[in-house]
Amino acid sequence: MLQTKLAQLHQAVAERNAQQLLRQAVTVEHYNGRLITIGGQQYLNFSGNDYLGLATAPEVLQAYADGALKYGAGSTGSPLITGQHTIHRQLTDTLSDWLGVERVLLFSSGFAANQAMLQVLAAKSDTLLLDKLSHASLIDGALHSAASMKRFAHNDIDALAKLLQQAPQSMVVTEGVFSMDGDSPDLAALHSLCQQHKVPLLLDDAHGLGVQGAEGQGSAPAQGIENSELFCLMANFGKALGVAGAFLGAGKTVIDYIEQFGRHYIYSTGLSPALCAAVLKSIELCRSEHWRRDKLHSNIEKFRMLAADLPLMSSGTAIQGVILGSSEQAVNASSQLKKSGIWLTAIRPPTVPVGSARLRITLSSQHSDDDIAMLVKKLRRLSL
Ligand SMILES: Cc1ncc(COP(=O)(O)O)c(C=O)c1O
């Protein structure tokens with residue numbers, strides 16, 4: 001039995017390798033928000049989700065260090081035992097104030113928060129309606145819930161409307177900014193459709209928080225919807241805020257319920273207090289240093305203008321996809337760019353649908369105009 005099991009595991013990895021789909025973590029030796037050092041070589045970085053350069057902002061690093069000295073490195077327990085400290089309360093209060101939601105619960109990751117949101121809130125009699133391109137954590141959350149799940153065509157309001165007619169007791173789940181395509185749904189239209197059918201709207205805004213909205217309050221406020229009008233909001237601290245961890249924000253009734261029944265919350269060690277101090281500083285900078293969002297948005301515009309003739313996906317956000325098709329082409333393009341000093345990871349199935357392997361470019365406020373021009377020049381020179 002043991003040998004058979006090991007042989008099966010070995011075979012599955014060997015098959016992935018043969019299909020050019022093997023994933024391998026690289027070890028980053030240094031990162032400063034713009035440049036990344038890997039294997040002793042320095043590259044201009046266009047991968048990663050540090051859209052506002054906050055992961056290396058000196059004030060955030062100092063807050064992390066001070067936070068460790070003042071509040072401790074570890075929370076020492078589940079939030080309901082000894083894992084909620086003063087700094088956690090400061091963080092949840094700040095999030096409530098910034099985002100305009102009544103109550104907030106902290107989670108160790110966005111993956112855990114999404115699992116909790118769908119598993120806990122969806123009952124057996126519900127149907128979870130998810131966008132076709134939903135993140136793995138949402139799909140798994142839905143699969144592990146008691147509810148049934150249906151997927152609607154990506155950002156297609158009419159397809160969703162049809163499903164809502166068939167399954168009136170539904171909950172609609174989407175993302176503010178899709179992680180691999182960089183596009184956004186029409187949240188105003190989605191919200192009004194959900195209101196019309198009197199069904200809850202749940203939003204994963206991992207890639208919208210910090211970036212969208214006047215003070216970075218996210219995709220819903222940027223489209224004229226209050227975060228408080230959502231049934232539940234998930235966002236994490238590991239993207240634009242540059243740290244790690246996540247939260248669910250909603251009205252009191254919803255959060256009270258998740259606090260009682262959310263196993264990912266109850267049976268998991270609370271976030272590190274030092275990390276909470278860093279996230280708090282990062283939120284402060286995110287809200288007040290408007291230049292970060294302004295520069296990011298001007299970099300996005302510049303990139304799209306210079307690269308208008310390339311096979312760009314339709315996106316107005318920091319995530320810009322160049323579709324190449326096969327995994328071989330994507331890997332080949334990524335390694336040519338690497339040789340010319342640009343770090344850009346190829347994204348292949350199963351992360352994206354078969355036939356849509358791509359370069360997923362992420363832009364940040366730390367890129368200069370010359371960096372963007374250099375990237376476009378190198379993309380144009382790729383021989384595929
Ligand atoms: C859309 C989306 N949701 C959820 C997650 C999971 O968040 P975390 O990395 O904090 O676990 C990610 C990140 O990979 C994401 O892109």
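Just so you know, ligand 1 is whichever comes first in the structure, and atom 1 is the first atom listed for that ligand. Since the model is a prediction, treat every value here as computed from it, not as a measurement. For the numbers below, each heavy atom of this structure counts, side chains included, while hydrogens, waters and symmetry mates do not.
Using a 4.5 Å cut-off on side-chain heavy atoms (C-beta onward), T351 and M180 make contact. Side-chain atoms of S148 and L128, non-hydrogen and from C-beta on, never get closer than 4.5 Å to each other.
The residue from H135, E175, Q115 that puts a heavy atom closest to atom 15 (C) of ligand 1 is H135.
Taking every non-hydrogen atom of N114 and a distance limit under 4.0 Å, the qualifying atoms of ligand 1 come out as 3 (N), 4 (C). The distance from ligand 1 to the heavy atoms of F111 drops below 4.0 Å at these ligand atoms: 6 (C), 7 (O), 8 (P), 11 (O). Every atom of ligand 1 is numbered from 1 in the order shown, and the set under 4.0 Å from a heavy atom of G110 is 6 (C), 7 (O), 8 (P), 10 (O), 11 (O). Ligand-side atoms of ligand 1 in range of S137: 4 (C), range being under 4.0 angstrom from any heavy atom.
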Test log, rule ring pair (Phe, Tyr, Trp, His ring centres under 6.0 Å), inputs H367 and F46: CA-CA 9 Å; H367 291 127; F46 284 100; 4.1 Å; yes

Candidate pair H207 and F178, rule ring pair (Phe, Tyr, Trp, His ring centres under 6.0 Å), full reasoning: CA-CA 7 Å; H207 298 274; F178 282 86; 9.7 Å; no

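Protein heavy atom in closest approach to atom 14 (O) of ligand 1: K239 NZ, 3.0 Å. Of the protein's non-hydrogen atoms, H207 NE2, 2.7 Å is the one closest to atom 16 (O) of ligand 1. Looking at atom 7 (O) of ligand 1, its nearest protein heavy atom turns out to be N236 ND2, 2.9 Å. Counting only heavy atoms of the protein, atom 3 (N) of ligand 1 lies nearest to D204 OD2, 2.6 Å.
By the ring pair (Phe, Tyr, Trp, His ring centres under 6.0 Å) test, H85 pairs with H88, sequence neighbours left out.
Of the heavy atoms in A246, none comes closer than 4.0 Å to ligand 1.
A salt bridge links R287 with D97: the closest approach of a Lys/Arg side-chain nitrogen to an acidic carboxylate oxygen falls below 4.0 angstrom.
A ring-centre distance under 6.0 Å is not found for F247 and F107.
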